[in-house]
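Working notes, beginning with the structure itself.
So that the names make sense, note that chain A is the first sequence line, chain B the second, and so on, each numbered from 1.
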2 protein chains.
Amino acid sequence: MTSSPAPSPEPAELPDTELLRLDHQVCFSLQAASRAFGGVYREALRDLGLTYPQYLAMMVLWEHGPLPVKTIGAQLHLDSGTLSPLLKRLESAGLVRRERSTQDERSVTVHLTDSGTELRVRALPVPRAILRATGMSVEEVLALQETLGRLTESLSRAV
Amino acid sequence: MTSSPAPSPEPAELPDTELLRLDHQVCFSLQAASRAFGGVYREALRDLGLTYPQYLAMMVLWEHGPLPVKTIGAQLHLDSGTLSPLLKRLESAGLVRRERSTQDERSVTVHLTDSGTELRVRALPVPRAILRATGMSVEEVLALQETLGRLTESLSRAV
DNA sequence: CCTCATTTGGTTGTGTGCAACTAAGTTGTG
DNA sequence: CACAACTTAGTTGCACACAACCAAATGAGG
């Protein structure tokens, strides 16, 4: 694991004590921000009766229309272990309908119900409220996304 | 993913459609990075038999010594609903010991066992491995932390 | 037609994370 | 002292996330 042949520049001559608490705080800061987002979304989505992951799934369906579970998972980076119960809850809530494909009976296509389609209107103001809550400029948001993208890429390669 | 190929720094007025998917991707990028960290930590901590949150709790104890559950929760921003089962698992693993205080019998002080204290040595190389996996310079890490701190602050105020 | 690897969802088990509630102990006030 | 308010852990219920495994359907070769 640690014997990577990557010739990346070794990061610096910092005292161990400093370094040792530094990185753990990166992930910690990340999770703190993630949790804070969770709270804001929870508030914003309460009226819609959606959790944040459910909202993401609905976003995908609103944007692309009926999709197989597999594709939704690919978009959200979620596997069936997470998606199956999530989609069942959306189905219980009457927002989606799951239909096994007649072409390929392994595949289940997820459709929006009328109720699910109508929910989109009520969800439209949510993104802007979230953006306002971040208190960040568009430029900062883009820069942050770029940094996070690079970070995720690097971390994924490291596993 | 979708139709937006690259975060080209468009100067000012973004159309609503662009703005509307922007913020959801901030949180999304954040969670992706968080998940990627999770994978790297899972790998790095496998030998120690710790999950990342358990590792954080051990870090607090290694640094500060015996602490009441309340204080650990304050450090990690976790409540008893999360910490109680987590600490019980650490106790089952023989790494900590929970003792109800004689001064204030509401309080439970968490002590490291000898086994828990010894584990620190094996955990020492972990942070450096994580930092290397990020592929980021120390300066970038610090800048990212600053941005995330501001973001979390702003989001917390918004709730 | 038969076999076998692959694809696709699903299920189970473990471990957070959070909200709501309970229980026990402590403290402030009349 | 009596009693209400507060503090601290714990418990329960819900909803992810992920790993490991399972079952049905598909498709390629023989």
Side-chain angles (χ1 to χ4, degrees), chain A residues 27-28 30-43 45-46 49-57 67-74 76-93 96 98-110 156 159, chain B residues 27-28 30-43 45-46 48-58 67-74 76-93 96 98-110 156 159:
Chain A
C27 185
F28 194 72
L30 215 56
Q31 296 206 337
S34 203
R35 217 174 347 166
F37 257 117
V40 174
Y41 270 108
R42 207 178 352 264
E43 186 73 19
L45 295 175
R46 180 159 303 168
L50 294 176
T51 65
Y52 175 63
Q54 288 169 1
Y55 169 71
L56 288 183
L67 288 177
V69 176
K70 174 76 172 181
T71 307
I72 299 176
L76 303 181
H77 305 299
L78 294 174
D79 65 357
S80 65
T82 300
L83 271 183
S84 288
L86 187 154
L87 292 173
K88 278 185 162 184
R89 282 177 210 112
L90 289 180
E91 189 173 39
S92 297
V96 306
R98 294 181 305 149
E99 286 178 2
R100 200 160 284 272
S101 165
T102 52
Q103 304 299 325
D104 183 342
E105 296 207 5
R106 294 168 302 178
S107 178
V108 170
T109 303
V110 182
S156 301
V159 176
Chain B
C27 186
F28 194 72
L30 214 56
Q31 297 206 338
S34 205
R35 218 172 347 169
F37 257 117
V40 174
Y41 269 108
R42 207 180 349 266
E43 185 73 18
L45 295 175
R46 179 159 303 167
L48 306 183
L50 294 176
T51 66
Y52 175 62
Q54 289 168 1
Y55 169 72
L56 289 183
M58 294 298 289
L67 288 176
V69 176
K70 174 76 172 181
T71 307
I72 299 175
L76 302 181
H77 304 301
L78 295 174
D79 66 357
S80 64
T82 300
L83 272 182
S84 288
L86 187 153
L87 292 173
K88 278 186 162 185
R89 282 178 210 110
L90 289 181
E91 188 173 40
S92 297
V96 306
R98 294 181 304 149
E99 286 178 3
R100 200 160 283 274
S101 165
T102 52
Q103 304 299 325
D104 184 343
E105 296 208 5
R106 295 168 303 180
S107 178
V108 169
T109 303
V110 182
S156 301
V159 175

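- Listed by chain and residue number, Leu83(B), Leu87(B), Val108(B), Val110(B) satisfy the side-chain contact (heavy atoms from CB on, under 4.5 Å) test with Val69(B) (two or more places apart in sequence, or in another chain).
- Ser80(B) comes within 4.0 angstrom of a base, heavy atoms only.
- In this structure a side-chain-to-backbone donor-acceptor pair under 3.5 Å is missing from Ser34(A) to Leu30(A).
- Counting all heavy atoms, side chain and backbone alike, Tyr55(A) lies closest to Leu50(A) at CA-CD1, 4.1 Å.
- Asp104(A) approaches Arg106(A) most closely through the heavy-atom pair OD2-NH2, 2.6 Å.
- At a threshold of 4.0 angstrom between heavy atoms, the contacts of Pro85(A) with the nucleic acid are absent.
- Of all heavy-atom pairs spanning Leu86(A) and Ala57(A), the tightest one is CD2-CB, 4.0 Å.
- Listed by chain and residue number, Val96(A), Arg98(A) satisfy the side-chain contact (heavy atoms from CB on, under 4.5 Å) test with Glu91(A) (two or more places apart in sequence, or in another chain).
- For the atom pair CG of Leu45(B) and CD of Gln54(B), the computed distance is 9.0 Å after rounding to the nearest 0.5 Å.
- Ranked by how close their nearest DNA chain D nucleotide is to the 5' end, Tyr52(A) and Gly81(B) are led by Gly81(B).
- Looking at heavy-atom distances under 4.0 Å, Arg42(B) makes contact with sugar-phosphate atoms alone, never a base.
- Taking each heavy atom of Phe28(A) and Tyr52(B) in turn, the nearest pair found is N-OH, 3.5 Å.
- Here the straight-line distance linking atom CD of Gln31(A) with atom CD of Gln31(B) works out to 10.5 Å at 0.5 Å rounding.
- When all heavy atoms are compared, the tightest approach of Ser156(B) to Ala36(A) is OG-CB, 4.3 Å.
- Taking 4.0 Å as the cutoff to heavy atoms of chain A, we find the contact window on DNA chain D bounded by dA15(D) to dT26(D).
- Residues from residues 101-110 of chain B lying near DNA chain C, meaning a heavy-atom separation below 4.0 Å, are Gln103(B), Asp104(B), Glu105(B), Arg106(B) in numerical order.
- Nucleotides of DNA chain C that come within less than 4.0 Å of any heavy atom of chain B span, from the 5' end to the 3' end, dG15(C) to dT26(C).
- Under the side-chain contact (heavy atoms from CB on, under 4.5 Å) criterion, Thr82(A) pairs with Leu78(A), Asp79(A), sequence neighbours left out.
- Within 4.0 Å (heavy atoms only), Leu83(A) reaches no atom of the nucleic acid at all.
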